[in-house]
Amino acid sequence: MTSPAVPSPATSTAPPRVVLATLNAKYIHASLGLRCLLANMDRHGGDGLRAVTQLREFVIQQRPTQIVEELLALNPQVIGLGIYIWNVVETTQVLRLLKALRPDIKVVLGGPEVSHEIEAQEICRLADHVITGWGDVSFPKVCRALLDGPQPLMKVIAGEQPPLNELVFPYDEYTDADIAKRLLYVEASRGCPFKCEFCLSALDKTAWAFELDAFMGEMDALYQRGARNFKFVDRTFNLKVEHSVRILQFFLDRLQMANEAAEEAPNLFVHFEVVPDSLPDRLKELIVQFPAGSLQFEVGIQSFNPEVQQRISRKQDNLKTADNLRWLVSQSQAHVHADLIFGLPGETLESFAAGFDRLYALAPHEIQFGILKRLRGTPIARHTPDFAMVYDPQTPYTILQNSTIDFATLQRIQRFARYWDMIANSGRFLRARSLLLDGVDGSLLSAFSAFLNFSDWLWQSTGKTHEFALEKLVDLLFEHLTGPRAMDEDTVRQALLADYQASGARAKPKCLAELLQAASPSLTPAGQARAQRQSRHVSQNIKQSVAGQLRSEIQQAAAAA
Ligand code: B12
Ligand code: SF4
């Protein structure tokens, strides 16, 4: 997806007095937080402000000067900036330029990254005001005061947290272009009752649910407008079973309606984050009815180590977790992503490896391998002295070493995580991955050790963690499996050939040259080149139709957090 800036919903032609802006990680992510603020501009003392407020979204890859030029062209009196871990570095540069050029424009910051440790941040020093926590009520109030006086006295303002039924839903603020091209974030609840110390939601007092009938009405309106890609940002979707049932049933009904109307393929996609140890039968009965490709779950495991779980205040029943994962993978067609975190206080390489292997044996479709980060404000900081935790001072504040894992090991594991995404999570090496992780006869004991060996070997052989062409990866896998792993060449070649052909790619990895040649022996080199071009074209048409490409991009984006 190339188009970087997104036009604001055109509800007004009046020149904006207020601009709400943020830098998203990628174009495909639409900012829900800013749309919440925009939708509430006429409330909470802001009467009339919605018509003079515009939304401008950028992406972090854009040049700061270009962003500033666009913002200044609107000539607003107030700019509100949404600050997150993925954009704070780039937005600091934007704000520096803004303040140098137009110090008279009032800048108000908000968002999770500037809600804690404010005094330590350059971006907060540059801003006029910082609103911490929820902004839906406090932003319009502050704008009213900045525009019409009396001027707010405090630089740092604690965001008010009203009952959710006092907020206007943000979903009308999604434009038709958003609906057609982007992942739509929605929330049926805010907050989390759990206290996992690495997570910002540990600071929430509890979880609050939006009024369900009203929320479902909003989902229906979005659906009627053509929305088909929904990512629920609820921290724990399966917390209130009544609500989860209503929401799942809503989407099942839409799938049913699509079937009855004989739509070509039900193109609905819904993503939820779930706690792993609670999957009552009522939910299971609904989950099994979703067809393949329509439902994706992100299941936070984080650690299977009871001692570590307790240390970081994560309550999780490991047996129920394992049962539920097994059920999801074997009985439903949902795509299951399970998250693990490396680097938690007291976790050793060995204990992590045991947890990884336990999870691998449960066969989730993807294992998302995260490295611990010390997010600003999170209680994990209390373990810093006891476990000698050293974090990178730059975003995203990744752990560099601690008392049980030294820096060199953490670097090894960083590479493991990167290569794991490339080989295991990419879905491009189903057969080769099985050889690598399970062995030829499925008898390998530790998938973690096997992959760590591969990862170390790959790093030593190439010195690279990025920019591997598919063909190069095929050759490297061949070299590793037939070299250090001493597997039979024919077995490895057949596995790689099947993976390579399934990918639709048509170049020639060296190790498969003969086999691929044999598949079209009668052609001259020129004929082969033509055939390659044609088959690339056909396969692009079939597999990479615009809709299919967008869908796969959306599924990846939904799983990214
Ligand atoms: C969507 C999402 C992403 C998307 C990015 C979306 C985008 N726009 O580009 C993706 C998938 C890329 C992503 C990635 C990551 N994410 Co993320 N992500 C989220 C998620 C799930 C939803 C955000 C959301 O829409 N929330 C709902 C809205 C309503 O809440 P909100 O955004 O906080 O907005 C409210 C307030 O913050 C405030 N506000 C917001 N903007 C503004 C502006 C002004 C002017 C004011 C006054 C107020 C204000 O008012 C809003 C309404 O009350 C949150 C978790 C969550 N449920 O919030 C995590 C979350 C934001 N992510 C988090 C993290 C840690 C990450 C990663 C580092 C994870 C990782 N890989 O390890 C990466 C970073 C990648 C990078 N490049 O560095 C953390 C927080 C980090 C931080 N300090 O910003 C969160 C909170 C998760 C958590 N519980 O810990 N993420
Ligand atoms: S990790 Fe999940 S369950 Fe734990 S506090 Fe964060 S959102 Fe809640």
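Here the structure is a predicted model, which is why all the values come from computation and not from measurement. In listed order, ligands and their atoms are each counted from 1.
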Polar atom proximity, I85 to ligand 1 (N or O, under 3.5 Å)
yes

Examine C199 and say whether one of its N/O/S atoms is closer to atom 6 (Fe) of ligand 2 than 2.8 Å.
yes

Which of the atoms of ligand 1 are close to L375, meaning less than 4.0 Å from one of its heavy atoms?
65 (C), 90 (O)

Out of all atoms in ligand 2, which are within 4.0 Å of some heavy atom of R235? Include the element for each.
7 (S)

E347: which of N402, N305, T404 passes side chain to side chain donor-acceptor pair (under 3.5 Å)
N305

Is A25 in polar range of ligand 1, meaning some N or O pair under 3.5 Å apart?
yes

Quick one: does S31 get an N or O within less than 3.5 Å of an N or O on ligand 1?
no

Taking only heavy atoms of G80 into account, list the atoms of ligand 1 that are under 4.0 Å away from them.
45 (C)

Out of all atoms in ligand 1, which are within 4.0 Å of some heavy atom of G111? Include the element for each.
37 (O), 39 (N), 40 (C), 42 (C), 48 (C), 49 (C)

Nearest candidate to atom 25 (O) of ligand 1, where distance is taken over non-hydrogen atoms, out of T395, L32, L203, I79:
L32

So for R314 against ligand 2, with non-hydrogen atoms under 4.0 Å, the contacting part is side chain

Between the side chains of N165 and E211, does any donor sit under 3.5 Å from an acceptor?
no

Of all heavy-atom pairs linking R311 and G346, the shortest is NH1-CA, 3.3 Å

Indicate the ring-plane relationship of F169 and F210, choosing parallel, tilted or perpendicular according to the 30° and 60° boundaries.
tilted

Return yes or no for this condition: an N or O of N24 is under 3.5 Å from an N or O of ligand 1.
yes

Between H383 and E197, do the side chains contain a donor N or O and an acceptor N or O under 3.5 Å apart?
yes

With heavy atoms and a 4.0 Å threshold, my read on which part of V142 contacts ligand 1 is neither

Structural part of W134 in contact with ligand 1, heavy atom criterion under 4.0 angstrom
both

Considering only heavy atoms, which of L372, L200, L34, D339 lies nearest to atom 86 (C) of ligand 1?
L200

Please could you name the atoms of ligand 1 that V108 approaches to less than 4.0 Å, counting only its heavy atoms?
45 (C)

Audit row: Y397, R376, side-chain hydrogen bond (donor to acceptor under 3.5 Å, both in side chains) steps and yes/no:
CA-CA 9 Å; Y397 319 117; R376 289 187 185 279; 3.2 Å; yes

At under 4.0 Å between heavy atoms, is it the side chain or the backbone of R235 that contacts ligand 1, or both, or neither?
side chain

Counting both backbone and side chain atoms, is some N or O of V233 under 3.5 Å from an N or O of ligand 1?
yes

Any donor and acceptor pair, going by atom type alone, linking the side chain of N87 with main-chain N or O of T22 inside 3.5 Å?
no

Taking 4.0 angstrom as the limit and counting only heavy atoms of I131, give me the atoms of ligand 1 inside it, by number and element.
47 (C)

Sole residue of Q61, E57, H29 in side chain to side chain donor-acceptor pair (under 3.5 Å) with N24:
E57

Face-on cation placement of R314 at F194 ring, 6.0 Å and 45° thresholds
no

Going by the angle between their ring planes, with limits at 30° and 60°, are F448 and F416 parallel, tilted or perpendicular?
parallel

Cation over ring face, R228 and Y223, 6.0 Å, 45°
yes

Side chain or backbone of R376 under 4.0 Å from ligand 1, or both, or neither, by non-hydrogen atoms?
neither

Using the rule given for side-chain hydrogen bond (donor to acceptor under 3.5 Å, both in side chains), can you reason through D234 versus S189, listing the C-alpha separation, both sets of side-chain angles and the distance that settles it, and then say yes or no?
CA-CA 6 Å; D234 303 47; S189 66; 2.8 Å; yes

Heavy atom of R190, distance to ligand 1 below 4.0 Å
yes

For ligand 1, which atoms have a heavy atom of S201 less than 4.0 angstrom away?
89 (N)

Would you kindly say whether N318 and T321 are connected by a side-chain donor-acceptor distance under 3.5 Å?
no

On a heavy-atom basis, which atom in M422 and which in T465 lie closest, and how many Å separate them?
SD-O, 4.1 Å

Would you say Y185 and ligand 1 have an N/O pair spaced under 3.5 Å apart?
no

Rounded to the nearest 0.5 Å, how far apart are CG of L74 and CZ of R17?
15.0 Å

Protein contact to atom 8 (Fe) of ligand 2 [nearest heavy atom, distance to 0.1 Å]:
C192 SG, 2.3 Å

For K373, take its heavy atoms, then give the atoms of ligand 1 lying under 4.0 Å from any of them.
68 (C), 72 (O)

Minimum-distance protein heavy atom relative to atom 4 (Fe) of ligand 2
C196 SG, 2.3 Å

With heavy atoms and a 4.0 Å threshold, my read on which part of I83 contacts ligand 1 is neither

Check D128, I157, L146, L20 against V108 for a side-chain contact (heavy atoms from CB on, under 4.5 Å) and give me the one that passes.
L146

When the ring planes of F232 and F251 are compared, do they come out parallel, tilted or perpendicular, using 30° and 60° as the limits?
perpendicular

Would G135 count as a polar contact of ligand 1, with the cut-off being nitrogen or oxygen pairs under 3.5 Å?
yes

Out of curiosity, is C192 lining ligand 1, as in a heavy atom under 4.0 Å away?
no

Would you mind listing which atoms of ligand 1 come within a distance below 4.0 Å of any non-hydrogen atom of L37?
42 (C), 43 (C), 44 (C), 46 (C), 48 (C), 49 (C), 50 (O), 51 (C), 52 (C)

Taking NZ, NE, NH1 and NH2 as the nitrogens, is one of them in R63 or E69 under 4.0 Å from a carboxylate oxygen of the other?
no

Region of Y84 that comes within reach of ligand 1 [heavy atoms, distance under 4.0 Å]:
both

Min over G82, G133, S138 of heavy-atom distance to atom 36 (C) of ligand 1 lands on G133

